[in-house]
Amino acid sequence: MPVAATHVVEADGARIPLVGLGTWDVRGRTCARIVEQALRLGYRHVDTAELYENEREVGEGLRASGVKRNEVFITTKVWPSHFAPRELERSAKESLVRLRLSEVDLLLLHWPNPSILLSETLGALCKIKRMGLARHIGVSNFTVAMIEDAVKLADEPLVCDQVELHPFLDQSKVIAACRQHGMAVVAYSPIARGGVKNDAVLARIGKAHGKTGVPKSAAQVSLRYLVQQGVVVIPRTSRIERLTENLSIFDFELSDPGHLDPRCPAGLDR
């Protein structure tokens with residue numbers, strides 16, 4: 001079994017692989033190729049969205065990989081302009097057509113939309129789950145207050161909140177709210193859109209954890225920092241060589257990842 005498949009976060013029946021492939025801004029043949037290669041390398045979680053305009057290519061990559069559908073966790077998201085109940089259902093069905101799937105593993109509300117009642121949107125999202133179009137449902141970019149409202153309004157379990165999260169961005173309150181309600185936290189931009197690579201503290205930590213003279217990269221330290229706290233990460237890449245690097249974070253352990261303090265990356269490891 002691939003290493004990525006053995007490291008999961010469980011939330012209300014969902015088993016979400018800790019490391020997934022983000023596909024934001026990766027399109028066309030590049031997207032299909034990177035998804036195929038990621039799955040061949042052992043990834044078992046792929047994240048896409050209606051907005052990304054690459055669901056068709058994600059589906060192509062999945063089929064080309066030869067990996068069985070039931071072994072891969074597929075997430076997609078509905079854009080806020082489609083949050084009215086009938087629009088949301090239509091959008092979800094169109095995503096499935098593009099992916100050429102009968103269901104996704106996780107369907108998320110991509111961003112909050114204050115112009116449409118959250119109760120109506122969540123009612124439609126829960127209906128989609130009951131229709132069998134999504135095995136699990138959740139939200140993305142929701143604040144603590146929004147999480148509290150959503151949990152009260154939803155009559156099906158919300159299994160995650162997907163938010164931007166990395167060592168330089170404090171989301172500790174959101175993380176606490178999610179854990180209080182049994183929800184997973186999924187981190188997009190977990191390496192700060194490449195911003196971690198020039199951080200001297202992360203580089204020092206990576207050097208300390210290297211093996212056979214090869215240091216861990218700052219990106220690997222950042223990813224390890226999150227997954228060691230049970231946060232799912234979906235780093236985006238369009239480069240084949242980065243796929244293996246981003247997955248190679250289960251052979252070392254940080255000594256003190258217990259707090260998320262954007263002012264003190266040194267707190268990663270003492």
Side-chain angles (χ1 to χ4, degrees), residues 1-11 13-77 92 94-108 110 133-136 138 140 159-160 162 184 186-191 194 217 219-220 222-224 226-227 230-251:
M1 182 180 291
V3 65
T6 63
H7 293 84
V8 300
V9 166
E10 298 190 17
R15 289 175 53 84
I16 310 173
L18 267 170
V19 178
L21 174 67
T23 63
W24 175 77
D25 205 31
V26 184
R27 299 187 177 90
R29 289 305 308 159
T30 298
C31 180
R33 180 179 58 90
I34 206 76
V35 169
E36 176 186 357
Q37 189 63 28
L39 294 174
R40 289 181 182 274
L41 287 171
Y43 283 74
R44 291 298 181 263
H45 177 185
V46 181
D47 180 273
T48 182
E50 173 187 12
L51 176 72
Y52 301 170
E53 298 182 345
N54 63 11
E55 290 170 314
R56 198 176 309 277
E57 289 77 14
V58 167
E60 290 175 3
L62 171 61
R63 290 185 294 277
S65 72
V67 177
K68 294 179 180 178
R69 167 65 187 98
N70 63 4
E71 295 180 6
V72 183
F73 194 95
I74 301 291
T75 299
T76 194
K77 314 177 198 73
E94 290 179 351
S95 285
L96 291 175
V97 169
R98 288 189 290 268
L99 287 161
R100 288 177 56 186
L101 298 176
S102 60
E103 65 176 7
V104 290
D105 297 279
L106 180 58
L107 182 66
L108 305 180
H110 203 148
L133 304 181
R135 294 180 59 234
H136 307 284
S140 182
V159 303
C160 84
Q162 184 181 122
V186 179
Y188 69 81
S189 299
I191 56 175
S217 69
Q220 288 173 311
S222 182
L223 295 173
R224 180 67 199 180
L226 296 171
V227 302
V231 173
V232 177
V233 295
I234 48 170
R236 164 232 181 258
T237 186
S238 59
R239 298 170 59 185
I240 298 291
E241 62 270 22
R242 293 293 184 211
L243 292 173
T244 301
E245 177 183 333
N246 291 343
L247 200 59
S248 300
I249 58 171
F250 296 107
D251 59 349

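Numbers for residues simply follow the sequence, beginning at 1. Predicted, not measured: the structure shown is a model, and the values here were computed from it.
The closest side-chain heavy-atom distance from His7 to Pro17 is not below 4.5 Å. Side-chain contact check for Ile249 versus Val19: some heavy-atom pair is nearer than 4.5 Å. For the pair Ser65/Val35, no side-chain contact is recorded, criterion being any heavy-atom separation below 4.5 Å from C-beta on. Within the 4.5 Å cutoff, the side chain of Leu51 has heavy atoms near those of the His110 side chain. For the pair Val58 and Leu99, the minimum side-chain heavy-atom distance is below 4.5 Å. Between Val46 and Leu62 there is no side-chain heavy-atom pair separated by less than 4.5 Å. Within the 4.5 Å cutoff, the side chain of Thr237 has heavy atoms near those of the Leu21 side chain.
The minimum heavy-atom distance between Ala187 and Val231, with the atom names listed, is CB-CG1, 3.8 Å. Annotation for Ala184 and Val9: closest pair CB-CG1, 3.8 Å, computed over non-hydrogen atoms. Here the shortest heavy-atom pairing between Leu226 and Pro190 reads CD1-CB, 3.7 Å. Considering every non-hydrogen atom in both Val72 and Val67, the closest pair reads CG2-CG1, 3.6 Å.
For Thr75, there are no side chain to side chain donor-acceptor pair (under 3.5 Å) partners at least two apart in sequence or on another chain. Qualifying side chain to side chain donor-acceptor pair (under 3.5 Å) partners for Glu245, counting only residues two or more places apart in sequence or in other chains: Ser217, Arg242. By the side chain to side chain donor-acceptor pair (under 3.5 Å) test, Asp47 is found to be paired with Lys77, Gln162, residues two or more places apart in sequence or in another chain being considered. Remark: Glu36 engages Arg40 in a salt bridge (Lys or Arg N to Asp or Glu O under 4.0 Å) (not counting sequence neighbours). Looking at residues two or more places apart in sequence or on another chain, you find a side chain to side chain contact (heavy atoms under 4.5 Å, CB included) between Ala92 and Leu107, Ile128. Contacts of Tyr43 classified as ring-ring contact (aromatic ring centres under 6.0 Å, His included), with partners at least two apart in sequence or in another chain: none. Glu94 pairs by the side chain to side chain contact (heavy atoms under 4.5 Å, CB included) definition with Arg90, Arg98, not counting sequence neighbours. In this structure, the ring-ring contact (aromatic ring centres under 6.0 Å, His included) partners of His45, at least two apart in sequence or on a different chain, are Phe73. The side chain to side chain contact (heavy atoms under 4.5 Å, CB included) search around Val26 returns Thr30, Cys31, Ile34, Arg236, Ser238, not counting sequence neighbours. Judged as a salt bridge (Lys or Arg N to Asp or Glu O under 4.0 Å), and not counting sequence neighbours, Arg100 has no contacts.
Here the options are Arg15, Arg69, Arg44, the test is salt bridge (charged side-chain N to carboxylate O under 4.0 Å, His left out), and the partner is Asp105; only Arg69 passes.
Side-chain contact of Ser95 with Glu55: a donor-acceptor pair under 3.5 Å is present, judged by distance alone.
Summarising the local packing, CZ of Arg27 is surrounded by more than 12 heavy atoms from other residues, nucleotides or ligands at distances under 6.0 Å.
Using a distance-only test at 3.5 Å, with no hydrogens or angles considered, a donor-acceptor pair links the side chain of Asn54 to the main chain of Thr23. Of the possible donor and acceptor atoms, none in the side chain of Thr244 sits under 3.5 Å from a partner among the backbone N and O of Glu241.
Under the salt bridge (Lys or Arg N to Asp or Glu O under 4.0 Å) criterion, the residue pairs touching residues 56-65 are Arg29-Glu60, with sequence neighbours excluded.
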Take Leu223 and Asn246 through the side chain to side chain contact (heavy atoms under 4.5 Å, CB included) test and state the conclusion after the steps. CA-CA 7 Å; Leu223 295 173; Asn246 291 343; 3.8 Å; yes

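Going from atom SG of Cys160 over to atom CG of Leu106 covers 4.5 Å, rounded to the nearest 0.5 Å. Rounding to the nearest 0.5 angstrom, the gap separating the CD1 atom in Ile74 from the CZ atom in Arg135 is 11.5 Å. The NE2 atom of His136 sits 11.5 Å away from atom CG of Leu108, with the distance rounded to the nearest 0.5 Å. Atom CG in Leu96 sits 7.5 Å away from atom OG in Ser102 (nearest 0.5 Å).
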